Amino acid sequence: MIIDILTLFPNMFVSPFAESIVARARSRHLVEINTVDIRDYALDKHQQVDDYPYGGGAGMVMKVDVLSRAIASVTSPDSRLIYLSPQGKKLDQAQLGRLARESHLILLCGHYEGIDERIIDLVDEELSIGDYVLSGGEIAAMVVVDAVTRLIPGVLGDDASSQEESFGDGLLEYPHYTRPRSYQGLEVPEILLSGHHEQIRLWRKRLSLVRTLLKRPELLLEREFDQEERSLLEEILFNREKTS
Ligand code: 4FV
């Protein structure tokens, strides 16, 4: 996959992508990440990239002509142009799964009050990482790059792990434990030391359902349940003692 990031602050992306999973994916050429400085497409001697809003009001707006040239410089037949903005669809694991199947993503990072609205016609989709206002789209773009890259086949040790994690199946993840077995009187649940893989799987599924029910019940509303999950939920909801 190729990811081109259109930004006024390309240096913001150096260190986040120089560590861990994304850096390893780049070194293994599973993903190519390029930053493009939008200011390089401001052709006037002051390299102006923003201007006062027509109709007045606070803040500055990024210029349509500069952005169009920057977008055209990276657009390809199979590229998908994504504008990160609070007006976008809320990003979630399902959206990321879809994006991870693309071959060429272009991430447009806004700044100031935002971009000239005439650019929106060029945009394939707007995505938001949350209902709050950032100083720029850069950090949102980093979220997308990190979360998409780890879904690219071969990036994570075993691709299975990305299925098992939170939201992989629409539920919150079960609790994890590792050595030491006992810590200041806090023990690891016996079941996990039993070697009974089927019982461990069931225990983990039950805990995922319980945690989702307690912490993010709304996630259960938009989810289909298989028979096993139905009987576990029955058990959880109607005979309380089996939840621990
Ligand atoms: C944002 C978000 C976000 C808005 C004005 C950049 C800022 C400035 N992007 N999810 N929330 N963008 O706040 O994606 O131009």
Side-chain angles (χ1 to χ4, degrees), residues 1-17 21-22 31 33-42 44 46-75 79-102 104-152 166-167 216 218-219 222:
M1 174 189 286
I2 297 173
I3 303 178
D4 290 317
I5 303 168
L6 303 177
T7 173
L8 287 172
F9 304 95
N11 295 336
M12 283 180 70
F13 295 87
V14 174
S15 55
F17 299 155
I21 289 172
V22 174
V31 65
I33 302 170
N34 312 307
T35 54
V36 174
D37 189 338
I38 293 170
R39 197 174 294 280
D40 294 345
Y41 296 88
D44 62 302
H46 303 297
Q47 287 201 301
Q48 187 178 355
V49 296
D50 60 330
D51 209 334
Y52 297 101
Y54 279 118
M60 301 292 275
V61 177
M62 295 176 77
K63 292 165 58 61
V64 62
D65 52 336
V66 176
L67 288 172
S68 301
R69 285 190 288 269
I71 290 166
S73 75
V74 289
T75 297
S79 60
R80 191 160 182 76
L81 176 59
I82 296 171
Y83 174 45
L84 289 307
S85 93
Q87 286 89 31
K89 279 200 299 302
K90 196 69 73 54
L91 188 65
D92 62 16
Q93 202 65 17
Q95 302 272 10
L96 291 162
R98 175 176 56 77
L99 294 175
R101 291 190 289 277
E102 294 286 338
H104 183 190
L105 294 178
I106 302 171
L107 304 181
L108 173 57
C109 304
H111 226 79
Y112 317 112
E113 288 312 305
I115 65 175
D116 188 295
E117 191 65 18
R118 290 168 285 185
I119 289 291
I120 297 297
D121 305 339
L122 300 174
V123 165
D124 294 309
E125 59 183 290
E126 276 188 87
L127 284 177
S128 170
I129 64 167
D131 297 339
Y132 38 79
V133 179
L134 303 169
S135 60
E138 282 73 17
I139 292 172
M142 292 174 198
V143 168
V144 172
V145 170
D146 182 280
V148 163
T149 297
R150 58 198 310 291
L151 295 177
I152 296 171
S166 283
F167 311 109
R216 299 287 308 281
E218 78 281 1
L219 291 174
E222 64 230 28

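Atoms within each ligand, like the ligands themselves, are counted from 1 in listed order. If you're wondering where the values come from, they're calculated on a predicted model, not measured in any experiment.
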Please list the nearest protein heavy atom to [atom] with its residue and the distance rounded to 0.1 Å.
atom                    : result
atom 13 (O) of ligand 1 : Leu134 N, 2.8 Å
atom 12 (N) of ligand 1 : Pro86 CD, 3.7 Å
atom 15 (O) of ligand 1 : Tyr112 O, 3.1 Å

State whether a side-chain donor-acceptor pair under 3.5 Å links His104 with Asp4. yes

Return yes or no for this condition: an N or O of Val133 is under 3.5 Å from an N or O of ligand 1. no

Nitrogen or oxygen of Tyr83 less than 3.5 angstrom from that of ligand 1: no

With a 4.0 Å cut-off on N to O distance, would you call [X] and [Y] a salt bridge?
X      : Y      : value
Asp116 : Arg118 : yes
Asp131 : Lys90  : yes
Glu126 : Lys89  : no

Could you go through Leu81 and Ile71, starting from their C-alpha distance and side-chain angles, then the distance that decides it, and tell me whether this counts as side chain to side chain contact (heavy atoms under 4.5 Å, CB included)? CA-CA 8 Å; Leu81 176 59; Ile71 290 166; 3.9 Å; yes

List every atom of ligand 1 that sits less than 4.0 Å from any heavy atom of [X], numbering the atoms from 1 in the order shown and giving each element.
X      : value
Ala140 : 9 (N), 14 (O)
Tyr132 : 11 (N), 13 (O)
Ile129 : 10 (N), 14 (O)
His111 : 15 (O)
Gly130 : 11 (N)

Could you measure the distance from the [atom1] atom of [X] to the [atom2] atom of [Y]? Nearest 0.5 Å is fine.
X      : Y      : atom1 : atom2 : answer
Ile3   : Leu107 : CD1   : CG    : 6.0 Å
Ile82  : Glu125 : CD1   : CD    : 4.5 Å
Ile152 : Glu102 : CD1   : CD    : 11.5 Å

Quick one: which of Gly136, Gly114, Gly59 has a heavy atom closest to atom 6 (C) of ligand 1? Gly136

